Amino acid sequence: MRLQESGTLNIVRSRSNTTLTNWRVRLSAQNLTTGKTVYGRELGPSVEVIGGDGGTTVIFLGLLKFTAPGQGVVTQKVGRHVTLIPADPSQPVQVVFDAGPNDDLVGELCAYLRMP
C-alpha cells in the first residue's frame, strides 16, 4: 500500500486550550498488488479543545471523500463529527457525535482497493 498526502492546515485562531483550524488536504492510496488507486479530499474547519485531563475533543465540520477514476465516489464522510481523544494512549478514541451522510469509510475503502 502506498499512501500520499499533501495540503494545508491553517491555524485560524488559538486561545488558551482551544484551536480553530481549516483543512485543505489531498490524499491518494494505491494497492501495489492490485494497482487500484483512490484519490481523496479533506476540506473544512475543525475545533480542537484540550481538556483539563489532557484529553482532546475534536469537532470536525466538513468533507472527507475518496473517488476512483471512472468509478466516482468510493466512500465519504460529510457533516459534523465529534471525537474524544483520551490523554492516556491505552484508552480508546470515542466518536460521541456523528451527523451527516457517512459511509463505512475504512471498510469500503479497503474493500475497493482489494478488488481485482
Side-chain angles (χ1 to χ4, degrees):
M1 183 72 66
R2 177 184 301 149
L3 301 172
Q4 294 180 320
E5 178 179 18
S6 66
T8 59
L9 168 64
N10 294 318
I11 297 176
V12 178
R13 182 176 58 229
S14 185
R15 287 193 192 136
S16 179
N17 65 336
T18 304
T19 302
L20 173 62
T21 56
N22 192 15
W23 297 83
R24 297 185 71 77
V25 178
R26 291 182 185 268
L27 311 153
S28 68
Q30 180 183 29
N31 181 328
L32 298 174
T33 303
T34 65
K36 291 264 187 152
T37 302
V38 293
Y39 299 94
R41 294 201 45 122
E42 185 173 20
L43 304 167
S46 67
V47 177
E48 295 84 22
V49 180
I50 299 173
D53 65 351
T56 303
T57 301
V58 178
I59 304 164
F60 180 74
L61 304 145
L63 164 72
L64 175 57
K65 175 169 63 173
F66 286 93
T67 59
Q71 299 289 318
V73 176
V74 173
T75 187
Q76 66 182 348
K77 284 183 115 15
V78 181
R80 181 176 183 187
H81 314 284
V82 180
T83 306
L84 300 178
I85 303 170
D88 179 352
S90 69
Q91 297 297 312
V93 172
Q94 298 175 9
V95 175
V96 294
F97 184 79
D98 207 10
N102 293 299
D103 298 335
D104 173 14
L105 191 72
V106 174
E108 291 183 19
L109 190 57
C110 289
Y112 176 81
L113 288 170
R114 276 194 305 265
M115 291 188 319

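Computed from a predicted structure; not experimentally measured.
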Rounded at 0.5 Å granularity, tell me how far OG in Ser46 sits from CG in Leu20. 7.0 Å
Applying side chain to side chain donor-acceptor pair (under 3.5 Å), can you list everything that pairs with Thr19, at least two apart in sequence or on another chain? Ser14
Side-chain heavy-atom pair Leu3, Met1 within 4.5 angstrom cut-off: yes
Report, one line per pair, each donor and acceptor closer than 3.5 Å where one atom sits in a side chain of residues 25-37; sequence neighbours left out.
{"unit_1": "Ser28", "atom_1": "OG", "unit_2": "Gln4", "atom_2": "OE1", "d": "3.4"}
{"unit_1": "Gln30", "atom_1": "OE1", "unit_2": "Arg2", "atom_2": "NH1", "d": "3.1"}
{"unit_1": "Asn31", "atom_1": "OD1", "unit_2": "Thr33", "atom_2": "N", "d": "2.8"}
{"unit_1": "Asn31", "atom_1": "OD1", "unit_2": "Thr34", "atom_2": "N", "d": "3.2"}
{"unit_1": "Asn31", "atom_1": "ND2", "unit_2": "Leu113", "atom_2": "O", "d": "3.0"}
{"unit_1": "Thr34", "atom_1": "OG1", "unit_2": "Lys36", "atom_2": "N", "d": "3.3"}
{"unit_1": "Thr34", "atom_1": "OG1", "unit_2": "Leu113", "atom_2": "O", "d": "2.9"}

Find out if a path of hydrophobic residues (ILVMFWY) with successive side-chain heavy-atom gaps under 4.5 Å connects Phe97 to Ile85. no
Asp88: partners by side chain to side chain donor-acceptor pair (under 3.5 Å), with sequence neighbours left out: Ser90
Quick test of your reading: applying salt bridge (Lys or Arg N to Asp or Glu O under 4.0 Å), list the pairs with at least one residue in residues 49-58, sequence neighbours left out, ordered by first then second residue. none
May I have the list of side-chain donor-acceptor pairs in residues 38-45 shorter than 3.5 Å, sequence neighbours left out?
none

Contacts table for residues 55-82: side-chain donor-acceptor under 3.5 angstrom, sequence neighbours left out:
{"unit_1": "His81", "atom_1": "ND1", "unit_2": "Asp98", "atom_2": "OD1", "d": "2.1"}

Identify the two heavy atoms, one from Gly54 and one from Ala87, that lie closest to each other, and give their separation to 0.1 Å. C-CB, 3.4 Å
